[in-house]
Amino acid sequence: EESTIFETIKKMPPLKNFTHDFTVSGAIETDTAQKADVIFVDLKNKNAGEFAREIISEKNENADVILLAEKEQVGELSEAMESVLDIWITPMSEEEVRFRFLKWQQRRKSETDSQETSHFFETTINSIPNLIWFKDKNGIHEKVNDSFCKTVNKTKEQVQGRGHAYIWDVEHDDPACIESERVVMETRQTCVSEETVKTGDGIRLLTTYKSPLYDLDGSVMGTAGIGIDITKERAYEEEVTRKNRTLEKIFTSIDCGVLCHSMDGVNIISVNDAALKILGYDSVDELKDDGFDMIANSVAERDRHMLKERMKTLKNPGDSISLEYRVEHKDGKIIHVMGQHQAFGGKRRAVLSAFSP
């Protein structure tokens with residue numbers, strides 16, 4: 001016959017997103033014990049210590065065990081106390097049963113919510129290609145993601161609980177890394193910097209974002225970091241810069257005039273001596289001061305509107321037009337110009353040639 005305690009528990013409603021499924025048995029059933037989330041053990045008229053130990057040996061590792069014992073039996077349960085969640089002293093009123101079971105429900109929900117949050121967190125950080133780490137205030141790695149382990153060629157078990165030098169296979173901790181973490185903890189602000197690290201694949205350049213971690217009392221307990229590998233991007237930028245410099249040298253040395261300006265036509269990015277000569281100026285400053293706006297102010301007034309409107313059509317990379325127009329120098333000399341205008345990389349370039357009509 002079911003006891004009053006179990007009858008009261010069965011009437012308790014489940015919390016949101018939970019369901020209840022009850023099984024009552026007069027003997028230990030291994031299959032049932034292995035499936036249970038919580039096992040209530042009524043020790044009345046039983047050898048309390050021995051029966052409790054049997055139940056504990058049969059349960060699954062995540063199941064809670066709550067012993068229902070008379071006050072006189074508590075002394076027999078000393079060996080079982082570390083393995084059980086709670087001991088309810090019987091007899092109990094219905095109010096006390098409802099109170100204690102509700103507390104167990106809330107505790108179980110809190111644990112389940114925590115497991116779900118942990119699952120969300122682990123899945124998120126381990127699906128991100130960037131390096132993620134969490135350190136204590138002494139620089140010891142408490143947690144890292146899969147990308148971090150792949151970069152340093154070590155397992156999480158090897159990394160977690162260790163410092164910078166061991167993880168990155170260097171003799172000493174990186175002074176720059178130590179300093180940036182000190183600044184983060186003292187200022188309590190996110191710090192963004194670039195750091196060079198040695199890996200099994202060679203030297204890597206990282207853009208790092210480091211933020212403070214806070215303890216329950218509000219004190220800083222360490223730092224959280226994200227490292228974005230920009231080695232390839234930086235090498236690409238340097239290569240593009242090198243090629244641009246080479247092109248600029250070529251453009252500035254050729255006989256044709258070459259002028260490059262921003263897409264909005266306000267800023268002159270580069271111009272060679274040949275272009276200045278064709279347009280009738282002695283220097284870049286003189287060209288700017290004369291009111292450069294997409295086109296030089298020396299373009300003949302009757303050609304300005306046409307040229308400017310045609311220039312505005314160059315919006316997408318690769319758009320180009322060839323135009324003939326006239327330039328009037330300060331001394332009154334008229335220069336006929338063939339202009340090859342092109343849009344590229346958010347800019348416009350004009351290659352100018354003077355010719356005799």
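Of the possible polar contacts, one joining the N145 side chain to the I125 backbone as a donor-acceptor pair under 3.5 Å is found. Proximity of a side-chain donor or acceptor of S114 to a complementary backbone N or O of S110 within less than 3.5 Å is not detected. The closest donor-acceptor contact from the side chain of D42 to the backbone of K44 lies under 3.5 Å. In this structure, the side chain of T123 does not engage the main chain of F120 through any donor-acceptor pair within 3.5 Å. In terms of modelled atom types and a separation under 3.5 Å, the side chain of S262 and the main chain of N267 share a donor-acceptor contact. Remark: the backbone N or O of G280 is not paired with any side-chain donor or acceptor of E328 at under 3.5 angstrom. Between the side chain of N60 and the main chain of A36, a donor-acceptor pair closer than 3.5 Å is present. Using modelled atom types, no side-chain atom of E181 and backbone atom of G139 make a donor-acceptor pair closer than 3.5 Å. D303 places a side-chain N or O within 3.5 Å of a backbone atom of R326 that can act as its donor or acceptor partner. Between the side chain of K154 and the backbone N or O of Q158 there is no donor-acceptor pair closer than 3.5 Å.
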Please evaluate residues W168 and V152 with respect to the criterion side-chain contact (heavy atoms from CB on, under 4.5 Å), reporting the C-alpha separation (whole Å), side-chain torsions for both, the decisive distance (0.1 Å), and the verdict. CA-CA 6 Å; W168 295 96; V152 300; 3.7 Å; yes
Let me see the working for E309 and K312 under salt bridge (charged side-chain N to carboxylate O under 4.0 Å, His left out), right down to the final yes or no. CA-CA 5 Å; E309 290 303 308; K312 290 178 181 179; 3.5 Å; yes
Evaluate L77 against L43 for side-chain contact (heavy atoms from CB on, under 4.5 Å), listing each step before the verdict. CA-CA 10 Å; L77 302 174; L43 298 177; 3.8 Å; yes
If you apply the rule salt bridge (charged side-chain N to carboxylate O under 4.0 Å, His left out), what do you find for D64 with R107, and how did you get there? CA-CA 11 Å; D64 294 327; R107 179 180 182 276; 3.4 Å; yes
Give the C-alpha distance, both sets of side-chain angles, the deciding distance and a yes or no for side-chain contact (heavy atoms from CB on, under 4.5 Å) between M81 and V74. CA-CA 10 Å; M81 287 184 179; V74 175; 3.9 Å; yes
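Using modelled atom types, one finds no donor on one side chain facing an acceptor on the other under 3.5 Å when comparing S283 with D285. In this structure, a donor-acceptor pair under 3.5 Å is present between the side chains of S322 and Q340.
L314 and M294 end up in the same hydrophobic cluster when Ile, Leu, Val, Met, Phe, Trp and Tyr side chains are linked at under 4.5 Å. Residues V183 and M185 do not share a hydrophobic cluster, defined by chaining ILVMFWY side chains whose heavy atoms lie under 4.5 Å apart.
The closest side-chain heavy-atom distance from L259 to L279 is below 4.5 Å. The side-chain heavy atoms of I269 and R349, taken from C-beta on, include no pair separated by under 4.5 Å. Residues F51 and L67 have side chains not in contact (no heavy-atom distance under 4.5 Å, counting atoms from C-beta outward). Looking only at side-chain heavy atoms (C-beta outward), R100 and I66 stay at 4.5 Å or farther from each other. Here the side chains of K308 and D293 are in contact, with some heavy-atom distance below 4.5 Å. For the pair Q160/K143, a side-chain contact is recorded, criterion being any heavy-atom separation below 4.5 Å from C-beta on. Taking 4.5 Å as the limit, every side-chain heavy atom of V84 sits out of range of all side-chain heavy atoms of V41. Counting heavy atoms from C-beta on, the side chains of E194 and L205 come closer than 4.5 Å.
Remark: L276 CG to D282 CG distance equals 8.5 Å, nearest 0.5 Å. Taken to the nearest 0.5 Å, the CD atom of E195 stands 9.5 Å off from the OG1 atom of T207. Taking CG of L131 as the reference point, atom SG of C149 lies at 9.0 Å (rounded to 0.5 Å). Rounding to the nearest 0.5 angstrom, the gap separating the CD1 atom in I178 from the NE2 atom in H172 is 11.0 Å. Going from atom NZ of K210 over to atom SG of C177 covers 3.5 Å, rounded to the nearest 0.5 Å. H336 contributes atom NE2, which lies 9.0 Å from atom CD of E324 (distance to the nearest 0.5 angstrom).
What you find for S147 and N130 is that their closest heavy atoms are CB-O, 3.4 Å. Minimum interatomic distance between G163 and I140 (heavy atoms only, all atoms of both residues): N-CD1, 4.0 Å. The two residues Y281 and S298 make their nearest non-hydrogen contact at OH-N, 3.2 Å. When all heavy atoms are compared, the tightest approach of C256 to S353 is SG-OG, 3.5 Å. I335 approaches A354 most closely through the heavy-atom pair CG2-CB, 3.9 Å. Between T231 and I203, the closest heavy-atom pair is CG2-O, 4.1 Å.
Evaluation of the salt bridge (Lys or Arg N to Asp or Glu O under 4.0 Å) test over residues 29-40, restricted to residues two or more places apart or in two chains, returns D37-R108.
A cation-pi arrangement, defined by a distance under 6.0 Å to the six-membered ring centre and an angle within 45 degrees of its axis, is absent between K11 and F101.
Partners of F292 under the ring pair (Phe, Tyr, Trp, His ring centres under 6.0 Å) rule, at least two apart in sequence or in another chain, are H261.
In this structure, E239 places its CD atom where more than 12 heavy-atom neighbours from other residues, nucleotides or ligands lie under 6.0 Å away. Other residues, nucleotides and ligands contribute more than 12 heavy atoms inside 6.0 Å of the NZ atom of K156. Within 6.0 Å of atom NZ in K46, more than 12 heavy atoms from other residues, nucleotides or ligands are found, so the atom counts as buried in its surroundings. Annotation for Y236: atom OH does not count as buried by contact number, only 12 or fewer foreign heavy atoms lying within 6.0 Å. No more than 12 heavy atoms of other residues, nucleotides or ligands shown are found within 6.0 angstrom of CG on D21. Atom CD of E82 is surrounded by 12 or fewer heavy atoms from other residues, nucleotides or ligands within 6.0 Å. Heavy atoms of other residues, nucleotides or ligands lying less than 6.0 angstrom from NE2 of H305 number 12 at most. Heavy atoms from other residues, nucleotides or ligands lying under 6.0 Å from CZ of F99 number 12 at most.
Under the 30°/60° scheme for interplanar angles, the aromatic rings of Y325 and H341 are found to be tilted. Ring planes of W104 and F40: perpendicular class, angle over 60° (limits at 30 and 60°).
Note on R304 versus E301: no salt bridge recorded, every NZ/NE/NH1/NH2 to OD/OE distance being 4.0 Å or above. Between R53 and E50, no side-chain nitrogen of the basic residue sits less than 4.0 Å from a carboxylate oxygen of the acidic one, so the salt-bridge criterion is not met.
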